[in-house]
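Shown next, in C-alpha cells, is the structure this report addresses.
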Amino acid sequence: REACGISCSARAPVSFSRESAESTDPPHRFTRKEILTLISVASVNFGSMICYSILGPFFPTEAVKKGASQTVVGLIFGCYAVSNLISSLILGKYIVQIGAKFMLIAGLFVSSCCTIIFGFLDRAPAGPIFISLCFVVRSLDAVGFGAATMSAFAITAQIFPNNVATVLGILEIFAGLGLILGPPLGGWLYQTFGYNVPFLSLGCLLLIMVPFNIYVLPSIEAVPSKDSFFRLLTHVKTILVCYVVFTLSAGVGFLDATLSLFAINRFGLSNGYVGLIMLGLPLVYILASPLIGYFTDKYPVCGIAATIGFCLLGPAPFLHIQSQLWLLVVMLGLIGLSLAISVIPIFPELISCAHEIGFEEGLSTLGMVSGLYEAVWCTGTFYGPIVGGIIVQQLSFEWAAVVQGALAFLGAFLIFMYSLCQRTKRQSIHFVSHYGNAFYVTSSEAEMPLR
C-alpha cells in the first residue's frame, strides 16, 4: 500500500501487498468454489439490476393515471434509495450474525416477491391507497435488493482477497447488462402484454435464482467483530473515498432524472432515440470494467474524466461551445469510462482503509465496508435527481451538469492532496530515520575509548 501514500499497521493482512505478491506468483486459476461463487454473484447482479431498471419507461405514466403527481412519482423512486441506505448500515453491521449466504438468499426472495406484488398494484384503488402501497412495496424491495447486493460484495471479497478489483470488474459486466436490458425489455413487455407481465416475468426470474443460489453459493463461517461504522469513518482517507462514491452516484442519478428531457427539448429526439443515446454510458462502463479491474489490482488508478465529461455534456455556458448531438454521445461515453476507472478501485480501497486502522480481516469487516459503500451510494442517488432537478429548473441543464463536474473535480483534488501529504510525510520519516541512525552511529563511535 505504500504506493498510495499510506503505511500499513502491524495488524494489516499480507494480502494487501498485492504488487509484490502478484509479480512473483504464477497466474491464478480459479477453483471450483471460486467459479461457483462467480456464477452465483453474477446472477444476483444481473437479476437484481434488470428488475430495478424496468420501471423507468412506463411506471411514471401508470402512476399519474392512478392519481400520483410528478413529485410523488419522484418520491416513490427516491424512497428506494432511502430504504436501501438505512438497511445497508444495519445489515452490514450484523452480516456475520445473520450469515452472508442466508442474507443473500433472503434478499433475493424478498426482492422477487416485491417485484411480483408490484405487478398487481394496477388493481389497487387510485389515490392514497395506490400511492401508499407503492411506497411500502418499493421500500421492502430496496431492503431485499440491498441485502442481496451487499452480501454479494462481502462474499466476493472474502473468496477473492487478492483479486477483488479484477473480480468486481468482471461482475460489473452483468450489473451493467441488467441496467441496459431492463428499460427496453420492460417497455417491450409493457407495450405487448400490459402492466403486469414485466413485473411477473422478471420477479419469477429472481425467484428461480433462490434455489439455484442455495445449491451453488458456498457457506462462509466468521466471528462477529466489535468494530463499528463510526470507527471506520475516523480514517480521513475513508471519508474522502466515500465522498468520491457520493459524487459518482449523484452524477448517475442526475443523468437518469434530467438527460432525457434535455435531449428531447434540445435536439427534438423521440423517446426511442433518447433511450439509445443513454445506452452510451452503461455500454462503455461494462466494456471497460474488466480491463480497469485487472489493472486496478496492480496499479493505483484515478482520474478526473467525469469533470471533463459533465462540463462538455451541455456544454458549459462559459465555454461558448455550441451543443452538438455527437458531443453529447461522446461525453456520455467518457462519463461511463470515468465510472469504470473510479468505481472499480473504490471497494478494495475501502477494505484497505479498514485494515489500516486496525479492523480484523474477515467477513464482519467486509460486511461493514460493503454496507458503508451501499449507504453512501444510495445517498448520492437520492441527492443527484433532487438537487440536479432543482438546478435545472432554476438555471439550466448545462449549469446543473457543471455543478456535477465540480463535485467530481473536488473529489479527485482532495484525494490527490491527501496522497501528496502522505507521500511527503513518509519521505520526511524516511529522512529522519536514515540520518538519525547515521548520527547515532557516529556519536557512538566518537564516544568509544581509544586503544
Side-chain angles (χ1 to χ4, degrees), residues 70 74 78 239-271 273-285 288 292 301-343 346 376-377 379-421:
Q70 290 291 339
I239 298 176
L240 295 179
V241 173
C242 287
Y243 175 76
V244 173
V245 176
F246 170 79
T247 60
L248 295 173
S249 59
V252 173
F254 162 73
L255 292 177
D256 287 341
T258 60
L259 180 61
S260 59
L261 289 177
F262 170 75
I264 292 173
N265 295 332
R266 176 59 58 89
F267 304 108
L269 303 177
S270 64
N271 290 323
Y273 280 110
V274 172
L276 292 176
I277 290 175
M278 295 182 71
L279 288 179
L281 191 153
L283 186 61
V284 174
Y285 176 76
I292 296 298
V301 181
C302 61
I304 56 171
T307 303
I308 301 174
F310 277 111
C311 287
L312 293 178
L313 193 64
F318 57 81
L319 295 177
H320 304 291
I321 300 175
Q322 185 177 1
S323 181
Q324 301 286 340
L325 182 59
W326 67 267
L327 183 62
L328 177 70
V329 175
V330 172
M331 290 304 106
L332 284 176
L334 182 61
I335 294 172
L337 179 62
S338 72
L339 282 175
I341 293 174
S342 304
V343 169
I346 280 176
V376 176
W377 183 271
T379 304
T381 56
F382 182 75
Y383 163 90
I386 294 176
V387 177
I390 293 174
I391 298 176
V392 169
Q393 187 174 356
Q394 298 298 323
L395 297 175
S396 64
F397 174 86
E398 291 86 348
W399 280 114
V402 170
V403 172
Q404 294 298 327
L407 292 176
F409 176 79
L410 179 61
F413 176 76
L414 292 176
I415 290 290
F416 171 77
M417 292 303 298
Y418 178 83
S419 300
L420 186 63
C421 291

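Keep in mind it's a predicted model, so treat the numbers as computed, not measured. Just so you know, these numbers use all the heavy atoms, side chains as well, and skip hydrogens, waters and symmetry mates.
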For this session: Kindly state whether the ring of Phe409 and the ring of Phe416 have centres lying under 6.0 angstrom apart.
Result: no
Problem set entry | Inter-residue atom distance Gln404.CD - Ile391.CD1, 0.5 Å rounding | 7.0 Å
Problem set entry | From CE (Met331) to CG (Leu313), nearest 0.5 Å | 8.5 Å
Exercise. Can you name the nearest heavy-atom pair linking Phe246 to Val376, along with the distance?
Worked result: N-CG1, 3.8 Å
Problem set entry | Leu327 CG to Ile321 CD1 distance, which is reported to the nearest 0.5 Å | 7.0 Å
Exercise. Given the rule in the side chain to side chain contact (heavy atoms under 4.5 Å, CB included) test, do Trp399 and Val402 qualify, once you have shown the distances and angles that lead to the verdict?
Worked result: CA-CA 5 Å; Trp399 280 114; Val402 170; 4.2 Å; yes
Exercise. Which residue pairs pass the side-chain hydrogen bond (donor to acceptor under 3.5 Å, both in side chains) test when at least one of the two sits in residues 239-250, sequence neighbours left out?
Worked result: none
Seminar exercise, completed: Rounded to the nearest 0.5 angstrom, the OG1-CG distance for Thr381 and Leu248 is 12.0 Å
Exercise. CG/Leu407 to CZ/Phe254 distance, rounded to the nearest 0.5 angstrom?
Worked result: 10.5 Å
Exercise. Between Glu398 and Pro315, what is the shortest heavy-atom contact and its length?
Worked result: CG-O, 3.2 Å
